[in-house]
Every structure is written in C-alpha cells, then in structure tokens.
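So you know, we letter chains A, B, ... as the sequences are listed, proteins then strands, and number each from 1. Just so it is clear, the model here is predicted, and its values are computed rather than measured.
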Protein chains: 2
Amino acid sequence: MGEPRWLDEREARAWRGLMAMQVDLAEFLDRRLRTRCGLSGADYEVLAHLSEAPEGCARPFVLGRYLGWEKGRLSQHLGRMERRGLVTRDRCPTDQRGAVVAITPRGRDLIEAAAPRHVADVREAVVDHLTPTELEALAAIGETVRARLAALDERRAEP
Amino acid sequence: MGEPRWLDEREARAWRGLMAMQVDLAEFLDRRLRTRCGLSGADYEVLAHLSEAPEGCARPFVLGRYLGWEKGRLSQHLGRMERRGLVTRDRCPTDQRGAVVAITPRGRDLIEAAAPRHVADVREAVVDHLTPTELEALAAIGETVRARLAALDERRAEP
DNA sequence: GCGGACTGGTTGACGTGTGAACCAGGCACG
DNA sequence: CGTGCCTGGTTCACACGTCAACCAGTCCGC
C-alpha cells in the first residue's frame, strides 16, 4: 500500500464539481417533485414504469430488476404506495408465491401530471443550459464510469 | 402551460447517463467506505472537515454551513457519531447556548485510514478513466448546473 | 433594564434505504 | 414420491434525511 496519489488541482475541481452537482441536483428534483406533485423520486420511478407497462401492471421482481432495487426496498415502498392508493397488490394467478402490482387511476393521474413538470425541471436545471458538446461528454462520461463500476463489482463477486 | 418538450435522443442519453452514474457511483463509494472503513459517507465528510480544523474541533453551526446540512440533520448525526465514540460534544465556553464538537483519537484514526482508500476508490471509479478534456467538461458542467440551481432557489425565495 | 426578535441546538414524527432473517411455493434430482 | 435447494416476497431492526416544534441564551431597540 504505497503512497496515496491525492487529486491534483484539475482532478479535484472536476470531482468536487460532480459531487456537489449530484447532491444539489437530487435535492432539487426531489423537492420539486414532492412539493408540486406529491410524489417522491422513488414513487415517480415506480409509477413511470408501471404506467408504460401493458395493462399497467407488473410482477414486483421484474420491476425490481428494472429499477435496480433490492427486493426488500421494493416491497416496503410498494406497501407505502398501496396505503396511499397509488398502486394495488394481488396474488399472481400463475405463480402462487408471487404478486402482481398494478397502477390505480389515481396513480395514473399523478404520474401523468408529474411527467411533463419533471421534464421541465430537468430542462430548467440541466439540459437546456448545456451545449451539445457537453451533453455528448456527459453521456460518454456516464457510460465510462458505469462500465468501470460494473467491472469493479464483477471482480468483487468472482474470486 | 403549452405542450411538454420531451427530451430528444441526445438529451435523453445524456440525462440517463448522468442519473444512472450518479446512483451507481454514490452506492459504490458508500458501500466501500462502510465495509472497508466502517464509516458512512456522512461520517466521512464530518470527520474530514473536523480533522483539518484547528484543534480538531468546531462549532456545529459552522460545520453545518460548510457541509450544507440542516441543523436538525447535523445534530442527529453528531449524536450517532458521539455514541460510536468518533466525536465528543461539549458546551461552548464563550456562548452558553452553543456547543463545540471535537474529533476523538479513534475518529482521527478512522479518517486517516479511510482518506487514502477513498481517494483510491474515486480514482478507480472515475478520475483515472477520464481524459483531461472530460475532467474539464465535468468541472464546467458542475459549475453551470449549480449556478442554475442557485438561481432557481433564489427566485423561489424572493417573490 | 427589559420585551421581543433572532440564533444555536435538540427532539419527535415520519418517509426512506440496507441487511438479514424468515416463510412460502416451485422445482429438480435421487 | 419425497427432500432439499432456489425464488419471490415480507418483515424486522437499524441508519439516515426532512420538517416542524420547541427551548434556551443572546442581542437589539426602546
């Protein structure tokens, strides 16, 4: 474990910029969604996927795979959403151990009201203020970093 | 409230890239910190700042201003850290309503062990895999977005 | 001085995320 | 057929963040 290679000036600026943006952006989007639409970011993701699914329903484990959520988290969140009347949960007819979650009319109303506002927030905060070059760079950076993280996770899982 | 302007292909790619990276990255760094060093990201930030402060101590409201945390959050987190022996809290001698929080030897050991590993993680996941141009772009994007968010917050506070 | 506003901090209620234990129903292999 | 593993879900205990209420000490204007 040799000497640590600290970040130089350029690296530190980029890193701090990324971290600070990340925190502020998440907070901004979540607050807007919550106060203007009555939905958390998590609610939004669930409803967005459900509203695009055929019949407006899906198996939780499929939903979880898609969202990248652990099953415990999904189960708890669906429980809260069910209590608020955004989704329903029923036993799956073809697999007795499973469930089927479906969006309610109320859930659909909320997500349909929220979606355009959310896109507007995203534009207002980010997309409309970056150049095409910057957008391209962002996509590339995102892909690079996610590939790295995936590689690191695999390496952790294998040996 | 005209027609919503949905994201085009390029914009969506950049946006999804940013969001996915953000989530995966935060999870990766937090997990590494927690499993390898026994510290959460929040612990790390508090201890990092405290370890650089003169005498290793600071007033909570200064710490809060620096970290951008609400006071309730900071108070609760310091309580948990105090229970774990990472910091101490005492009444401030010069302002009877206030407190002074100080890093303990144990807290200092942990942060000094964690810091080089954390930097290594940051390099491994991000910094070492981006070009100088991309680092520059990241810094610029971060600044642009944070400026936008600050402007939006001000506008919300004023009228 | 002193009454009211402001400031530094704590607390409680609640929504949310993580990890592990647990429980059923399916499935495969002897 | 079992018996044992796998899988889909739930639940519990805990850490964490937000908001609002609250409390005590300080400061400011009269």
Side-chain angles (χ1 to χ4, degrees), chain A residues 22-35 37-47 57-101, chain B residues 22-35 37-46 57-84 86-102 153:
Chain A
Q22 190 231 14
V23 169
D24 291 0
L25 188 53
E27 191 200 322
F28 170 77
L29 290 175
D30 227 68
R31 185 183 316 286
R32 281 254 169 140
L33 223 37
R34 186 174 330 267
T35 61
C37 309
L39 294 175
S40 70
D43 299 333
Y44 184 89
E45 287 183 81
V46 171
L47 292 180
C57 63
R59 297 290 300 273
F61 79 100
V62 176
L63 204 50
R65 200 103 64 202
Y66 177 81
L67 296 169
W69 290 8
E70 295 170 18
K71 57 186 183 174
R73 173 183 178 187
L74 182 58
S75 175
Q76 301 223 45
H77 203 85
L78 289 176
R80 287 189 292 263
M81 291 179 74
E82 190 178 19
R83 254 171 266 134
R84 292 194 288 145
L86 304 180
V87 301
T88 59
R89 276 193 293 187
D90 295 293
R91 292 222 139 261
C92 176
T94 73
D95 184 340
Q96 280 314 110
R97 70 201 150 166
V100 175
V101 50
Chain B
Q22 189 232 11
V23 170
D24 293 359
L25 189 53
E27 191 200 322
F28 169 78
L29 291 174
D30 228 67
R31 185 183 317 285
R32 282 253 168 141
L33 224 37
R34 186 173 331 265
T35 61
C37 310
L39 293 175
S40 69
D43 298 333
Y44 183 90
E45 287 183 82
V46 170
C57 63
R59 296 291 300 271
F61 78 99
V62 176
L63 203 49
R65 199 102 65 201
Y66 176 81
L67 295 171
W69 290 7
E70 295 170 19
K71 57 186 183 173
R73 173 184 178 186
L74 181 57
S75 176
Q76 303 224 39
H77 202 83
L78 289 176
R80 286 189 293 262
M81 293 180 73
E82 190 177 20
R83 256 173 265 136
R84 291 194 290 145
L86 304 180
V87 301
T88 59
R89 278 193 291 187
D90 296 291
R91 294 223 136 262
C92 175
T94 72
D95 185 340
Q96 280 314 110
R97 72 203 148 163
V100 175
V101 50
D153 267 13

Novice: Please report, rounded to the nearest Å, how far the P atom of dG25(C) is from the CD atom of Q96(A).
Specialist: 8 Å
Novice: Measure the distance from CZ on R31(A) to P on dG17(D) and round it to the nearest whole Å.
Specialist: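 That distance rounds to 14 Å.
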Novice: From dT16(C), dC16(D), dG9(C), pick the nucleotide closest to the side chain of D43(A)?
Specialist: dT16(C)
Novice: Y66(A) has an atom OH; how far is it from atom C1' of dG8(D), in whole Å?
Specialist: 21 Å
Novice: Would you kindly compare S40(A) and A99(B) by the position of their nearest DNA chain C nucleotide and give the one closer to the 5′ end?
Specialist: A99(B)
Novice: By the 4.0 Å heavy-atom rule, please label R83(A) as base, sugar-phosphate, or nothing.
Specialist: nothing
Novice: Whole angstrom is fine here: how far is it from CG in D95(B) over to P in dG9(C)?
Specialist: 8 Å
Novice: Whole Å only: how far is the CG atom of D90(A) from the P atom of dT10(D)?
Specialist: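 In whole Å, dT10(D) P and D90(A) CG are 12 Å from each other.
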Novice: Roughly how many Å is it from CZ in R97(A) to P in dT10(D), rounded to a whole number?
Specialist: 13 Å
Novice: Nearest 0.5 Å, please: how far is CG in L86(B) from NE2 in H77(B)?
Specialist: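 Between H77(B) NE2 and L86(B) CG, I get 8.5 Å after rounding to 0.5 Å.
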Novice: Please report the distance, rounded to the nearest Å, between CZ in R84(B) and C1' in dC14(D).
Specialist: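 Result: 12 Å.
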Novice: Between R80(A) and dT16(C), does any side-chain N or O lie under 4.0 Å from OP1 or OP2?
Specialist: yes
Novice: To the nearest 0.5 Å, tell me how far K71(B) NZ sits from R65(B) CZ.
Specialist: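 Here the rounded value is 10.5 Å.
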Novice: Determine: side-chain N/O of S75(A) to OP1/OP2 of dG9(D), distance under 4.0 Å, yes or no.
Specialist: no
Novice: Using atom CH2 of W69(A) as one end and atom C1' of dG9(D) as the other, report the distance to the nearest whole Å.
Specialist: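 Roughly 16 Å, once rounded to whole Å.
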Novice: Below the 4.0 Å mark, does dG19(C) have OP1 or OP2 next to a side-chain nitrogen or oxygen of R73(A)?
Specialist: no
Novice: Using only atom types and a distance under 3.5 Å, with no angle test, would you say the side chain of R89(A) pairs donor to acceptor with the backbone of V100(A)?
Specialist: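 Pair absent, no side-chain N/O of R89(A) close to backbone of V100(A).
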Novice: Quick one: which of dT18(D), dT7(C), dT18(C) gets closest to the side chain of E70(B)?
Specialist: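 Selected nucleotide (nearest to the side chain): dT18(D).
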Novice: Is the phosphate of dG8(C) approached by R91(B) (side-chain N or O, under 4.0 Å from OP1 or OP2)?
Specialist: no
Novice: Could you please spell out the steps behind the salt bridge (Lys or Arg N to Asp or Glu O under 4.0 Å) verdict for D43(A) and R84(A)?
Specialist: CA-CA 11 Å; D43(A) 299 333; R84(A) 292 194 288 145; 2.5 Å; yes
Novice: Looking at every strand, decide which applies to G72(B) at a 4.0 Å heavy-atom threshold: base, sugar-phosphate, or nothing.
Specialist: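 If one applies the 4.0 Å heavy-atom cut-off, G72(B) turns out to touch a base.
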Novice: Taking the nucleotide of DNA chain D with the nearest heavy atom to each, does Q76(A) or E27(A) sit closer to the 5' end?
Specialist: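 Nearer the 5' end of the strand: Q76(A).
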Novice: Nearest to the R34(B) side chain among dT10(D), dC16(D), dG8(C), which nucleotide is it?
Specialist: dC16(D)
Novice: Hey, does T88(B) have a side-chain heavy atom less than 4.5 Å from the side chain of V101(B)?
Specialist: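 SC-SC contact between V101(B) and T88(B) ruled out.
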Novice: Which listed nucleotide (dG9(C), dT10(C), dC16(D)) is nearest to the side chain of K71(B)?
Specialist: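 Selected nucleotide (nearest to the side chain): dG9(C).
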